[in-house]
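This report concerns only the one structure given below.
We count ligands from 1, going down the list as the structure has it; atoms in each ligand are counted the same way.
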Amino acid sequence: MSNELPCFDVLPQHIAVIMDGNGRWAKQRGLERTEGHKAGAENFRRIVDYASRLGIKYMTFYAFSTENWKRPEFEVKTIMNLIRKYLKEMQLREAENEASGYNIHFIGNREGLDDDIVKLFNTVEKRSSKHNKTYVNIAVNYGGREEITHSVRVLCEKVKNGELISSDITENTVASYLYTAGQPDPDLIIRPSGEQRLSNFLIWQAAYSEFWYSDVLWPDFNEQELNRALEDYAHRHRRFGGI
Ligand code: IPE
Ligand code: IPE
Ligand code: MG
């Protein structure tokens, strides 16, 4: 690929990606599903780098859902180990991170995750918090319904303690206790692998997102595929209920 970057008429401020199709990618090659997750993790790095070079300011990647615990123990363990490996590498590549300017944030319920992973989340978030070139959310043990439930629970506590009265609760109040508080909603949600559903991803934030689906499996979702999605997005007419 040449170093020249394409230019789009309109670039989304926030893209969200459902990294789906790892298992099928491996199966097509006669490999174990876990090999697909390894290839998917590599591709995640590649696409983050590329999208950042294009100038996309916010990105959210769905890595593990609250429903993915239903999978065989070995598969869950492999995915968690890949997350661990990525986090440890992030710690080692301080200089590189400095240059790329990624501000990394983990969204999802941290209860239920191994303590060492939660610790690594905290370290990586803390170290990258001074950067503001590209904001990267990684969704681990994330479920949109869990996220909204969590926000509601926090608000109920506040009402109970007298910090808030229920009639003061607005959409913004609810949003301010979501894991994505303070960030713009995704403009474009991309799902490879042929599935056309949200699978509990950003269900609150997706209210007015544009969708883009592709049959390509996530490990094969390359720069050209992202360009196709962005090119398509640039010609969408977003109305937000208006005319
Ligand atoms: C996405 O790929 C990764 C996770 C859900 C963790 P899949 O593992 O769902 O791949 P398919 O959908 O079975 O091909
Ligand atoms: C969504 O993919 C979750 C992630 C990509 C992390 P799934 O493979 O879990 O979704 P379903 O089960 O096909 O809806
Ligand atoms: Mg899947």
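- Listed by number with element, the atoms of ligand 1 under 4.0 angstrom from any heavy atom of Asn68 are 5 (C), 6 (C).
- At a cut-off of 2.8 Å, Glu195 is not counted among the residues with an N, O or S atom near the Mg ion (ligand 3).
- Neither the backbone nor the side chain of Phe201 comes within 4.0 Å of ligand 2, counting heavy atoms alone.
- Close N/O approach between Tyr62 and ligand 2 is not found [any backbone or side-chain N/O within under 3.5 Å].
- Set against the non-hydrogen atoms of Arg197, the atoms of ligand 2 under 4.0 Å away are 11 (P), 13 (O), 14 (O).
- Close approach of ligand 2 to Met19 is summarised as follows: ligand atoms under 4.0 Å from at least one heavy atom of the residue are 5 (C).
- Those atoms of ligand 2 with a heavy atom of Asp20 less than 4.0 angstrom away are 2 (O), 8 (O).
- Residue Ala63 touches ligand 2 through its backbone alone, judged by heavy-atom distances below 4.0 Å.
- Residue contacts with ligand 1 for Ile79 involve side-chain atoms from C-beta outward but no N, CA, C or O (heavy atoms, distance under 4.0 Å).
- Below 3.5 Å of separation, one finds no N or O of Ser65 facing any N or O of ligand 2.
- Just one residue in the list Gln205, His105, Glu147, Glu146 forms a side chain to side chain donor-acceptor pair (under 3.5 Å) with Tyr179, and that residue is Glu146.
- Protein heavy atom nearest atom 12 (O) of ligand 1, with residue, atom name and distance: Arg24 NH2, 2.7 Å.
- The single protein non-hydrogen atom nearest to atom 14 (O) of ligand 2 is Ser199 OG, 2.6 Å, given as residue, atom name and distance.
- Asn22 pairs in a side chain to side chain donor-acceptor pair (under 3.5 Å) with only one of the listed residues (His37, Lys27, Glu35, Arg33), which is His37.
- For ligand 1, one of its N or O atoms has an N or O atom of Asn22 under 3.5 Å away.
- Minimum interatomic distance between Asp20 and Ser193 (heavy atoms only, all atoms of both residues): OD2-OG, 3.1 Å.
- Not a single heavy atom of Ser193 lies less than 4.0 angstrom from ligand 1.
- Relative ring orientation between Tyr58 and His14 is described as tilted, the plane-to-plane angle lying within the 30° to 60° band.
- Between Asp215 and Arg228, none of the side-chain N atoms (NZ, or NE/NH1/NH2) sits under 4.0 Å from a carboxylate O, so this pair counts as no salt bridge.
- Residue Trp218 is grouped with residue Ile138 when hydrophobic side chains (ILVMFWY) are merged at heavy-atom distances under 4.5 angstrom, including chains of intermediate members.
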Quiz prompt | Criterion side-chain hydrogen bond (donor to acceptor under 3.5 Å, both in side chains) on Asn81 and Thr78, from CA distance to verdict | solution = CA-CA 5 Å; Asn81 280 335; Thr78 304; 5.9 Å; no
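- With sequence neighbours excluded, no residue forms a ring-ring contact (aromatic ring centres under 6.0 Å, His included) with Phe8.
- Proximity of His37 to ligand 1 is established by a heavy-atom distance of less than 4.0 Å.
- Heavy-atom contacts of Phe64 reach the following atoms of ligand 2: 6 (C) (cutoff under 4.0 Å).
- Heavy atoms of Arg191 come nearer than 4.0 angstrom to ligand 2 in at least one pair.
- Among all non-hydrogen protein atoms, the one lying nearest atom 10 (O) of ligand 1 is Gly23 N, 2.9 Å.
- Within the 4.0 Å heavy-atom criterion, the part of Arg33 lying near ligand 1 is the side chain and not the backbone.
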Exercise. Output, in order, the C-alpha distance, side-chain angles, deciding distance and verdict of side-chain hydrogen bond (donor to acceptor under 3.5 Å, both in side chains) for Asn141 and Trp69.
Key: CA-CA 9 Å; Asn141 196 20; Trp69 297 105; 2.9 Å; yes
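- Listed by number with element, the atoms of ligand 2 under 4.0 Å from a non-hydrogen atom of Arg71 are 7 (P), 8 (O), 9 (O).
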